[in-house]
Q: 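Below is the structure I would like to discuss, written out as structure tokens.
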2 protein chains.
Amino acid sequence: MGDTGAQTPRERYRAQVQAEIKERAWEQIATAGVPALSLNAVAKQMGMSGPALYRYFAGRDELITELVRDAYRSLADTFRAASDTGADLAGLAHALRDWALADPQRYFLIYGTPVPGYHAPEDTAGLADQIMTTLLDACTALAEDRPATAFSTHLEGDRHWAEGHPAPPTALHRALTFWTRLHGVLSLELAGHFTGMGFDPALLFAAELDDLLSPRA
Amino acid sequence: MGDTGAQTPRERYRAQVQAEIKERAWEQIATAGVPALSLNAVAKQMGMSGPALYRYFAGRDELITELVRDAYRSLADTFRAASDTGADLAGLAHALRDWALADPQRYFLIYGTPVPGYHAPEDTAGLADQIMTTLLDACTALAEDRPATAFSTHLEGDRHWAEGHPAPPTALHRALTFWTRLHGVLSLELAGHFTGMGFDPALLFAAELDDLLSPRA
DNA sequence: AGGTTCCGTTAGAAGCTATCACGAAACCCC
DNA sequence: GGGGTTTCGTGATAGCTTCTAACGGAACCT
């Protein structure tokens, strides 16, 4: 993943242990959710005693923060990769869905219930911007003149979204609805709110995507 | 709230203490989220010692389950009250938004990140059905013929949604998009994902609602 | 090889959930 | 109103957690 390049053997080892800690943490989160993440359990699983992990992470919160960072990076990379291979909005949508289904708890780590006190670190904002930028690029690439909505004119005001991306407000409006609608379907699906209702969530997702792509008044 | 009617004084007292426990629990959840809910802290806040609470709730999980139940009941009542006072889809949307903004953590308790192991108790399904029913009623009350979509024909199949509600599949499709789209905007807003983007989430919500209500091909 | 830096350990404090056994208070019934 | 029963709240205890601190030893760099 990261640059594990030419370093001292100490740094190599350190990075390797850090990576294994995060891997075990991901396993625990995937199977039992964030609240069940236990540093002690991770340590024991790696064959060492609890406090040893504090050499690598200042505490549980910093480990989780690092996992949040990785999740953001993973989604940003997935989006960028899809975009680089010529994916349009539909391609991004499917990339998003696949990424979310691959590890629901990773999705919720970014878009799930926030902890009131906690604030994401600074650099995640950069990743979020990167995600939004590729989404905006795909929206402007459509270059299909959409009529200005009441909301898009509102967006005209102070446009400090996405570092001043050169997209028309209508494109930003579309990007936002793309985000919120797909998140609406995805999060409810991943949370299991559709189970027992007797329909295929994938088709609802597809229906929302179709509506997003359909040109209309 | 519930029927605290003619009971023995013991049951009166018991119900009162249970209510206060839940109130303190709600305060903790509202300010620090579910993971910070501590039975010990609740007990100390009420002037009694930790294990006393186990006379009223079997454990932390049962208390949370009860809070989930209350949250469902509260939303179902809010929806029913709005519907009874003649609210249409827009009215339900605003009722939902007000209810969510009044206590974001209560909203997330229902629609937030699920704990992989945990499964909501049986009777919450009934409340969820009740919510869906009022939503479906409002959708069918529109009685505006929408063209059958690919998804609505898919819904035609096994229709065991909402206890066999007598609504056309197009109405159910609309109800589902109502749910997913508004949840998409609301959850991202409540989670703070729009902060710093320089637009008013209420207007995005309104835009989505407008799109939901606009009759179109 | 010597000196420093880093790693992992054990011990311990403070917090939590949850169980148990006990005393005491409140209730119900006669 | 007194006696028996039920219920409540307590302190003690076990086991878990995060996290700090002090110590021994290994690995590294010069």
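These numbers come from the heavy atoms of this one structure, side chains and all, not from hydrogens, waters or symmetry mates. Every chain is numbered from 1, with letters handed out A, B, ... down the list of sequences.
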Q: Salt bridge check, A/Asp123 against A/Arg73: does any charged N sit closer than 4.0 Å to a carboxylate O?
A: no

Q: Quick one: A/Arg12 CZ to D/dC28 P, roughly how many Å, whole number?
A: 12 Å

Q: Please report the distance, rounded to the nearest Å, between CD in B/Glu62 and P in C/dA18.
A: 10 Å

Q: Going by heavy atoms closer than 4.0 Å, what residues in residues 35-57 of chain A are next to DNA chain C?
A: A/Gly47, A/Met48, A/Ser49, A/Pro51, A/Ala52, A/Arg55, A/Tyr56

Q: Might you work through the side-chain hydrogen bond (donor to acceptor under 3.5 Å, both in side chains) test for B/His165 and B/Asp129, ending with a clear yes or no?
A: CA-CA 10 Å; B/His165 188 282; B/Asp129 267 2; over 6 Å; no

Q: Output the rounded distance in Å from CD1 (A/Ile21) to C1' (C/dG8).
A: 12 Å

Q: Could you tell me how the ring of A/His183 sits relative to the ring of B/His183: parallel (under 30°), tilted (30 to 60°) or perpendicular (over 60°)?
A: parallel

Q: Think A/Arg14 has a side-chain N or O under 4.0 angstrom from the OP1 or OP2 of C/dC7?
A: yes

Q: Let me know the distance between CG of B/Leu63 and C1' of C/dC16, rounded to the nearest Å.
A: 15 Å

Q: Taking 4.0 angstrom as the limit, do A/Arg80 and A/Asp77 come out as a salt bridge?
A: no

Q: Nearest whole Å is fine: how far is C/dC7 C1' from A/Gln16 CD?
A: 15 Å

Q: Taking B/Glu66 first and then B/Arg69, would you say they form a salt bridge - that is, a charged N and a carboxylate O separated by under 4.0 Å?
A: yes

Q: Check this for me: does any side-chain nitrogen of one of B/Arg106 and B/Asp70 sit under 4.0 Å from a carboxylate oxygen of the other?
A: no

Q: Would you kindly compare B/Tyr13 and B/Arg10 by the position of their nearest DNA chain D nucleotide and give the one closer to the 5′ end?
A: B/Arg10

